Amino acid sequence: MAYTKIHAIKATVDKAIDYICNPEKTDEKMFVSSYACSPEIAAYDFKYTLDHCRENSPNKAYHLIQAFAPGEVGFEEAHRIGKELADKLLEGKYSYIVTTHIDKGHVHNHINFCVADNIEHNKYHDCKQSYYHIRKLSDELCKEHNLSVIIPGAQRGRKYKEWQSEQNGSAWKTQIRKDINFCIKSASTYEEFLLLMRAKGYEIKGETFEEGAAKYISFRPLDKERFVRGSAKSLGKEYTKERIRERIERKREQKAIIPQKDYSARRLIDTSDEKF
C-alpha cells in the first residue's frame, strides 16, 4: 500500500533538494539516487535545463511523495520502488533525484524532478489526469512487489484506540504542531515555511493573504483524509497563518539585532603596578 502526493516547487529548489537528501533521514545518503543530474548540484542542473525552456511558468520542479504502510516494506526495497516509479513516470526525459527517508514510522520516498525535460525542453503538466497516472503506476509497482494496494472506499480493520485517536484528532494534531514549530524555526520567510511543510508531506490550502483568500490556513498530513485548520479553536492561536508569519518575521528581526559591546574601558593586558 502506498500513498502518493505531488506539488510544484516555485522557488528555492536547492532547499527542497537539501531537505530530501538530509543524511540523517537517508542513512548518511545511502538511499539517495539520481538520473541526469548530480544531487550535490541538482539545482544548477535543473536551472540549466529551465533556461532552454520556452514555456513561461513559475514552476521549477515537482516534489512527489510515495509513502508505504508501516512495517510493510524494507528500506532497500522501498528505494528500488521509488526509482522504478520515477523511471516509469518520467521515461528517461527528466532529471530527477530519489531519496528514501527512514526516520519516521512509515518508510517513504521523495522524488524531486525538473519541470522541463532534457530533450525538447517542454514542461511537465500536473493535473488530475497526470496524478491518476502516478497513482496507477505506484499501485502496479506495489502489486509487482507483493505489497497491498488501496481499494477506493475499502475499510480496513483498526484497533478502537487508533480509531478514537483519529476521531478526536489529538495525536496527529500534536504532531502537526510539532512540524509547524520545526518549520518555523528552520524557515527564513513565510514562503520557505510553506515549502518545508510541503516537503514533509503536508497538503496546504488557504495559505495566501490576498483579498478573497480563505480565512484559515489548513494542513492535511500524509495518509490523512481531512484537513486541519490553523485556527485558535483547532490547533491554537499560535498556529493561524497570521501568527505563523509573525513568528517567522519576529525571529528574523531578533537575528538582525546584534548586541554591541563596549570595549573602551577594557584592557587586553593588565599593566597595573601589582603585575609589573
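Residues: numbered from 1 along the sequence shown. Predicted, not measured: the structure shown is a model, and the values here were computed from it.
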Exercise. Under 3.5 Å, is there a donor-acceptor pair linking the side chains of T4 and Q66?
Worked result: no
For this session: Sequence neighbours left out, what passes ring pair (Phe, Tyr, Trp, His ring centres under 6.0 Å) with H121? Give chain and number order.
Result: H52
Problem set entry | Pairing residues for H63 by the ring pair (Phe, Tyr, Trp, His ring centres under 6.0 Å) criterion, not counting sequence neighbours | H7, H110
For this session: Sequence neighbours left out, what passes side-chain hydrogen bond (donor to acceptor under 3.5 Å, both in side chains) with N146? Give chain and number order.
Result: none
Exercise. So among N112, V98, L85, D126, which one has a side-chain contact (heavy atoms from CB on, under 4.5 Å) with L64?
Worked result: L85
Considering only distance and modelled atom types, tabulate donor-acceptor pairs under 3.5 Å from the side chains of residues 190-201, sequence neighbours left out.
{"unit_1": "Y190", "atom_1": "OH", "unit_2": "E207", "atom_2": "O", "d": "2.7"}
{"unit_1": "R198", "atom_1": "NH2", "unit_2": "E207", "atom_2": "OE2", "d": "2.8"}

For this session: Could you walk me through whether D179 and Y202 pass side-chain hydrogen bond (donor to acceptor under 3.5 Å, both in side chains), step by step?
Result: CA-CA 10 Å; D179 288 337; Y202 284 90; 2.6 Å; yes
Exercise. For Y131, does the OH atom sit with more than 12 other heavy atoms under 6.0 Å from it, leaving out its own atoms?
Worked result: yes
Problem set entry | Residue pair C53 / N122, side-chain heavy-atom distance below 4.5 Å | no
Exercise. Hey, are the side chains of K241 and F209 touching, using non-hydrogen atoms and a 4.5 Å cut-off?
Worked result: yes
For this session: Using the test side-chain contact (heavy atoms from CB on, under 4.5 Å), find all partners of K10 that sit at least two apart in sequence or belong to another chain.
Result: P58, N59
For this session: Only counting residues at least two apart or in another chain, list the ones meeting ring pair (Phe, Tyr, Trp, His ring centres under 6.0 Å) with Y96.
Result: Y35
Exercise. What pairs with K25 under side-chain contact (heavy atoms from CB on, under 4.5 Å), at least two apart in sequence or on another chain?
Worked result: Y19, N22, H101, D103
For this session: Using side-chain hydrogen bond (donor to acceptor under 3.5 Å, both in side chains) as the criterion, list what pairs up with T12, not counting sequence neighbours.
Result: none
Seminar exercise, completed: By side-chain hydrogen bond (donor to acceptor under 3.5 Å, both in side chains), S218 pairs with (sequence neighbours left out) none
For this session: Taking side-chain hydrogen bond (donor to acceptor under 3.5 Å, both in side chains) as the test, write out the residues that go with E77, two or more places apart.
Result: H145
For this session: Carefully, step by step, assess N118 and S95 under the rule side-chain hydrogen bond (donor to acceptor under 3.5 Å, both in side chains).
Result: CA-CA 7 Å; N118 294 311; S95 302; 3.0 Å; yes
Problem set entry | Qualifying residues under side-chain contact (heavy atoms from CB on, under 4.5 Å), relative to K178, sequence neighbours excluded | T174, Q175
For this session: Mind checking salt bridge (Lys or Arg N to Asp or Glu O under 4.0 Å) for R80 and listing every partner two or more places apart, or none if nothing turns up?
Result: none
